[in-house]
Amino acid sequence: MTFESDYTEGAHPKILQRLNETNFEQVSGYGADPFSESARQKIREACANPTAQITFISGGTQTNQIVIDSLLKPYEGVISAATGHINTHEAGAIEYVGHKVLVVPSQNGKLNALEVEHYIKAFYSDGNCEHMVFPGMVYISFPTEYGTLYTKHELQNLYGVCRKYQIPLFVDGARLGYALVSSACDVTLPELSELCDVFYIGGTKVGALCGEALVFTNQNEPAHFVNFIKKHGALLAKGRLLGIQFETLFTDDLYFKISRNAIEQAMFLKQGLQKLGYPLFIDSPTNQQFVVIENVKMHVLKQKVGFSFWEQYDSTHSVIRLATSWATRRETVEQLLDVLAELKNSDAAQSCSV
């Protein structure tokens, strides 16, 4: 029983079926196959953006690194929340290609447009700015690393700042499906396509074996982009592997249907946690739930359940993450809640004995 992440399962059965059905068809490589082109067209339609430029890349870290490196000038860095994935869990991949992550204060994992503008203004008002790393892009995650969501108004404000200073807004959508189907989300996929310069639709965490669909929204894909991807070692020869998966995910709204399962199970889990009296670290409306738990209980729980340690809360408590996915079953969530209830009951028993 594991809630460690949302990519611990393989792939949706329809993807596996489609891969098997097309296995012996001979097609061109590097994304020039008919499956990838069909997937691009389906995604353009879903985004209501007929001129969107779409490329499939094998994973999120590769996508983040390639986008940031391709759009930034050598003297520029990327603005990110301190909790942003590129700043915390990507092994310095951005710095590895020569660009600094410029950290701006955030709240609940989200950047605020006023804070971003203050950072940029402060940079250009500094007489020594020629000796500093220039802010050349803004990076956000949707949903954030804490499962929180930007409202449409917040995205509009952020994008307004980016356009004012003529820098791109890049949205990491590794878990995009789980954001868009949340009842707390007031942003649609077409609206997202209008409110940023580039974003990606996560497949790895939302039903695919692997892969992300990168979308440049304004005919702004860098020149010879395939060449650039290959220089980063991220161009799959068998591009069909990604194309077939996204063609399947964007047929009959499968991407959104399976995303809803993760949200339904996460909300059931959230309600169960609250009934049991476990404090939530943050109010997340998506598939990642963060629980404050005593360190002693955390070590006991680890013997029965897979989860992610997130951060230290205080000297005796930690924050753990429990993530549901497109494949999470209700009975598995119920089993998890039973284990957590046993931990609570053991506390009560000990209190009575004392």
Side-chain angles (χ1 to χ4, degrees), residues 47 57 60-72 76-90 93-95 99-120 123 135-180 182 184-202 204-206 212-218 220 282-288:
C47 293
I57 300 175
T61 298
Q62 296 98 317
T63 305
N64 288 338
Q65 187 192 65
I66 287 165
V67 170
I68 291 168
D69 194 27
S70 67
L71 292 182
L72 289 184
E76 291 177 329
V78 54
I79 292 173
S80 167
T83 54
H85 206 259
I86 60 171
N87 187 54
T88 57
H89 290 149
E90 291 193 345
I94 308 307
E95 289 86 352
H99 299 287
K100 186 175 182 179
V101 177
L102 306 169
V103 175
V104 170
S106 59
Q107 184 175 14
N108 296 335
K110 298 195 292 183
L111 286 180
N112 177 278
L114 292 177
E115 288 281 1
V116 171
E117 184 161 25
H118 174 75
Y119 182 93
I120 297 172
F123 174 85
M137 173 190 290
V138 173
Y139 163 97
I140 62 172
S141 302
F142 188 69
T144 71
E145 291 72 16
Y146 282 92
T148 52
L149 298 171
Y150 288 88
T151 65
K152 187 191 306 183
H153 183 64
E154 289 170 332
L155 285 175
Q156 288 169 336
N157 288 342
L158 267 175
Y159 198 33
V161 171
C162 289
R163 285 182 293 183
K164 179 178 178 180
Y165 292 95
Q166 298 183 323
I167 61 175
L169 175 61
F170 171 34
V171 178
D172 177 333
R175 294 185 169 91
L176 184 60
Y178 304 137
L180 295 174
S182 168
C185 184
D186 68 347
V187 180
T188 65
L189 185 57
E191 288 170 337
L192 180 63
S193 183
E194 294 176 351
L195 292 173
C196 65
D197 298 285
V198 56
F199 71 98
Y200 65 95
I201 301 168
T204 302
K205 295 179 172 70
V206 193
E212 327 299 323
L214 178 63
V215 182
F216 285 93
T217 63
N218 300 310
N220 56 325
I282 199 165
D283 184 17
S284 166
T286 58
N287 73 310
Q288 300 178 87

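This one's a predicted model, so the numbers in the text were calculated from it and none came from an experiment.
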_Candidate pair K100 and E95, rule salt bridge (Lys or Arg N to Asp or Glu O under 4.0 Å), full reasoning_ = CA-CA 5 Å; K100 186 175 182 179; E95 289 86 352; over 6 Å; no
*Is there side-chain contact between I201 and V206, with heavy atoms separated by less than 4.5 Å?*
no
*Roughly how far, to the nearest 0.5 Å, is the OH atom of Y150 from the CG atom of L195?*
13.0 Å
_So V138 and V78, do their side chains get closer than 4.5 Å, heavy atoms only?_
no
*Nearest heavy-atom neighbours spanning R175 and P143*: O-CD, 3.2 Å
_Least distance between heavy atoms, I94 atom then I68 atom_ = CD1-CD1, 3.7 Å
*Rounded to the nearest 0.5 Å, how far apart are OG1 of T188 and NZ of K152?*
6.5 Å
*Do side-chain atoms of N218 reach the backbone of N220 as a donor and acceptor pair under 3.5 angstrom?*
no
*List the atom of P135, the atom of I79, and the distance in Å for their closest heavy-atom pair.*
CB-CD1, 3.8 Å
_Side chain to side chain, C47 and P190, heavy atoms closer than 4.5 Å_ = no
_Pairwise distance SG(C185) to CD(E191) - rounded to 0.5 angstrom_ = 8.5 Å
*CG/L158 to CD/E117 distance, rounded to the nearest 0.5 angstrom?*
10.5 Å
Tabulate below the donor-acceptor pairs under 3.5 Å that side-chain atoms of residues 101-110 make, not counting sequence neighbours, or state none.
| from | atom 1 | to | atom 2 | distance (Å) |
| --- | --- | --- | --- | --- |
| K110 | NZ | L149 | O | 3.0 |
| K110 | NZ | E154 | OE1 | 3.0 |
| K110 | NZ | E154 | OE2 | 3.2 |

*Taking every non-hydrogen atom, the tightest pair across L71 and V198*: CD1-CG1, 4.1 Å
*Report the distance from atom CD1 of I140 to atom CG of L155, rounding to the nearest 0.5 Å.*
5.0 Å
*Cation-pi between R163 and Y159: NZ/CZ under 6.0 Å from ring centre and within 45° of the ring axis?*
yes
*Would you find a donor on one side and an acceptor on the other, under 3.5 Å apart, between the side chain of N287 and the backbone of Y178?*
no
*Please report the shortest heavy-atom distance between T63 and E212, naming the atom on each side.*
OG1-CG, 3.7 Å
*Kindly compute the distance separating CG (D69) from CE (M137), expressed to the nearest 0.5 Å.*
9.5 Å
*Return yes if some donor-acceptor pair links the side-chain N/O of S141 with the main-chain N/O of E145 below 3.5 Å, else return no.*
no
*List the steps and the verdict of side chain to side chain contact (heavy atoms under 4.5 Å, CB included) for N112 and N157.*
CA-CA 8 Å; N112 177 278; N157 288 342; over 6 Å; no
*asked:* Under the criterion side chain to side chain contact (heavy atoms under 4.5 Å, CB included), I'd like the reasoning laid out for T144 against T83: C-alpha separation, chi angles, the key distance, then a yes or no.
replied: CA-CA 8 Å; T144 71; T83 54; over 6 Å; no
*Any side-chain heavy atom of Y200 sitting closer than 4.5 Å to one from V67?*
no
_Distance alone, cut at 3.5 Å: any donor-acceptor contact between the side chains of H85 and D172?_
no
*Would you confirm whether T217, through its side chain, and C196, through its main-chain N or O, come within 3.5 Å as a donor-acceptor pair?*
yes
_Over 60° means perpendicular and under 30° means parallel, so tell me whether F170 and Y139 are parallel, tilted or perpendicular._
perpendicular
*Decide side chain to side chain contact (heavy atoms under 4.5 Å, CB included) for L192 and L176; before the verdict, give the C-alpha distance in whole Å, the side-chain angles of both, and the deciding distance to 0.1 Å.*
CA-CA 10 Å; L192 180 63; L176 184 60; 3.7 Å; yes
*So which heavy atom on F199 is nearest to which on S193, and how close?*
CE2-CA, 3.9 Å
*asked:* Between N64 and I66, does the side chain to side chain contact (heavy atoms under 4.5 Å, CB included) criterion hold? Intermediate values first, please.
replied: CA-CA 6 Å; N64 288 338; I66 287 165; over 6 Å; no
